[in-house]
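Report on the structure given below.
Throughout, protein chains are lettered first and strands after them, A, B, ... in sequence-line order, and every chain is numbered starting at 1.
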2 protein chains.
Amino acid sequence: MSKQKEAIIRVLRETSSHPSAEWIYEQVRKDVPNIGLATVYRNLRLLNEAGEVSEIRTSGDGTRFDYNTRTHYHFHCDRCGRILDLDEPIDTTIEARIARRTGLRVTRHHLELGGVCLDCQKLETHTGACV
Amino acid sequence: MSKQKEAIIRVLRETSSHPSAEWIYEQVRKDVPNIGLATVYRNLRLLNEAGEVSEIRTSGDGTRFDYNTRTHYHFHCDRCGRILDLDEPIDTTIEARIARRTGLRVTRHHLELGGVCLDCQKLETHTGACV
DNA sequence: ATTAACAATGATAATCACTATTATGATAGC
DNA sequence: GCTATCATAATAGTGATTATCATTGTTAAT
């Protein structure tokens with residue numbers, strides 16, 4: 001466990017957002033100024049393979065990382081690109097159900113909702129923009 | 001509507017797979033041999049913006065395209081990368097439900113299951129590979 | 001038919017996110 | 001102290017996608 005890896009985990013743990021590798025890099029630089037971007041990518045990949053973080057591939061923006069590896073659902077704002085956690089209850093039967101019906105081996109599932117977040121809706125009202 | 005755009009749509013309509021831009025490019029070249037790769041990308045982007053095709057961003061493999069723009073759910077094989085359509089019934093209430101509960105404006109949702117497809121499972125048996 | 005206006009193309013350069021390479025520095029066992 | 005090991009920093013490289021731009025259709029008016 002290098003100080004770089006530690007710093008990356010600390011950044012991930014202390015944010016409730018779902019940051020990109022680039023953003024994580026910027027934050028970690030405050031702790032470890034001469035860290036390389038490749039180190040961030042490498043450790044994020046290793047952490048993902050070890051199941052300590054999970055990758056989120058969004059529609060439109062790049063790859064994001066999540067310290068919370070338990071299955072949960074996401075909302076993606078098409079305006080600002082932010083990802084929010086939803087507290088929608090997890091469908092615990094769908095993987096087995098589809099596996100039984102189709103024969104596929106199902107090991108994960110993810111639900112993504114999309115639209116406009118509260119902040120971006122407020123912004124519309126203030127500016128009078130019509131969408 | 002150029003003959004290039006037409007050919008791209010034809011390829012998309014005639015395949016049940018969820019092809020990458022590169023694959024579409026290879027197919028369209030049979031019709032329009034000297035089409036440029038950039039033209040394929042440009043038209044795919046335009047078609048997506050016009051809502052005539054939809055982009056699928058997978059975990060691991062690149063962007064895929066789907067001529068079917070009606071909401072439906074996908075299965076992503078983590079071995080071969082193929083995407084299959086599921087005939088799981090669509091949850092028609094979730095968008096409104098979450099919108100009501102959270103205030104978010106919800107305009108779309110997508111469910112992705114992941115695991116190992118039938119072909120890749122067969123392959124395991126034949127080779128005796130242990131996963 | 002000719003021209004003008006304009007949209008779409010093909011070729012290629014550039015960009016972006018990410019990965020491989022390589023030489024270096026820290027750490028631990030001998 | 002010396003060497004093996006491992007993660008690192010720096011940088012070059014890769015692959016997918018996008019921007020640029022001169023050229024080529026395409027259409028409409030003359």
Side-chain angles (χ1 to χ4, degrees), chain A residues 1-12 15 17-66 76 78 80-83 112, chain B residues 1-12 15 17-67 76 78 80-83:
Chain A
M1 175 69 75
S2 63
K3 68 170 190 282
Q4 287 86 349
K5 190 176 200 169
E6 225 171 330
I8 290 168
I9 291 178
R10 193 164 44 245
V11 165
L12 275 167
T15 184
S17 75
H18 302 75
S20 66
E22 198 73 32
W23 187 89
I24 294 166
Y25 173 60
E26 292 305 330
Q27 300 305 310
V28 172
R29 257 143 69 97
K30 294 172 186 168
D31 262 353
V32 189
N34 66 336
I35 192 173
L37 178 57
T39 301
V40 175
Y41 274 106
R42 181 165 7 92
N43 280 304
L44 286 172
R45 185 169 46 74
L46 292 172
L47 286 167
N48 179 55
E49 282 164 9
E52 295 180 54
V53 309
S54 55
E55 285 186 17
I56 311 169
R57 223 152 285 244
T58 71
S59 1
D61 308 282
T63 303
R64 308 300 195 76
F65 295 87
D66 196 337
H76 176 253
D78 293 333
C80 64
R82 258 185 306 181
I83 294 174
E112 180 184 299
Chain B
M1 176 68 76
S2 64
K3 69 170 189 283
Q4 288 86 347
K5 190 175 202 170
E6 223 170 332
I8 290 168
I9 291 177
R10 191 162 47 243
V11 164
L12 275 166
T15 183
S17 74
H18 302 76
S20 66
E22 196 73 33
W23 188 89
I24 294 166
Y25 173 58
E26 292 305 329
Q27 300 305 310
V28 173
R29 257 144 67 99
K30 294 171 185 170
D31 260 354
V32 189
N34 66 336
I35 192 172
L37 179 56
T39 301
V40 174
Y41 273 105
R42 187 169 348 103
N43 279 305
L44 286 172
R45 185 169 47 73
L46 293 172
L47 285 167
N48 180 55
E49 281 164 11
E52 296 179 55
V53 308
S54 55
E55 284 187 16
I56 311 169
R57 226 154 282 244
T58 70
S59 1
D61 308 279
T63 303
R64 309 299 196 77
F65 296 86
D66 196 336
Y67 187 67
H76 176 253
D78 293 333
C80 64
R82 258 185 306 179
I83 294 174

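Of the inter-residue distances, the one linking B:Glu49 atom CD with B:Leu44 atom CG reads 11.5 Å to the nearest 0.5 angstrom.
Rounded to a whole Å, the CG atom of A:Asn48 is 15 Å from the C1' atom of C:dT19. One atom, NZ of B:Lys3, and another, P of C:dG10, lie 7 Å apart when rounded to the nearest Å. Here C:dC18 presents its C1' atom at 14 Å from CD of A:Glu49, a figure rounded to the nearest Å. A straight line from CZ of B:Arg29 to C1' of C:dT9 spans 15 Å, rounded to a whole angstrom. Counting to the nearest Å, the P atom of C:dC18 and the CD1 atom of A:Ile24 are 10 Å from each other. Atom CZ in B:Arg57 sits roughly 11 Å away from atom P in C:dC18 (whole-Å rounding). If you take NZ of A:Lys5 and C1' of C:dA26, they are 16 Å apart, rounded to a whole angstrom.
With sequence neighbours left out, the side chain to side chain contact (heavy atoms under 4.5 Å, CB included) criterion links B:Tyr41 to B:Ala21, B:Leu37. B:His18 pairs by the ring pair (Phe, Tyr, Trp, His ring centres under 6.0 Å) definition with B:His74, not counting sequence neighbours.
For B:Gln4, no side-chain nitrogen or oxygen approaches OP1 or OP2 of D:dG25 to under 4.0 Å. Residue B:Thr39 places none of its side-chain N or O atoms closer than 4.0 Å to OP1 or OP2 of C:dT9.
Considering B:Ile35, B:Val40, B:Val28, B:Asp31 in turn, B:Ile35 is the only one that fulfils the side-chain contact (heavy atoms from CB on, under 4.5 Å) rule with B:Gln4.
Using a 4.0 Å heavy-atom distance criterion, B:Ser2 is classed as a sugar-phosphate-only contact.
Side-chain atoms of B:Ile56 and B:Thr63, non-hydrogen and from C-beta on, never get closer than 4.5 Å to each other. In this structure, B:Ile9 and B:Met1 have side chains that are in contact, with non-hydrogen atoms separated by less than 4.5 Å.
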Original post:
How does each nucleotide of nucleotides 10-24 of chain D score, in 5' to 3' order, for protein heavy atoms under 4.0 Å: base (B), sugar-phosphate only (S), or none (-)?
Top reply: BB----SBBB-----
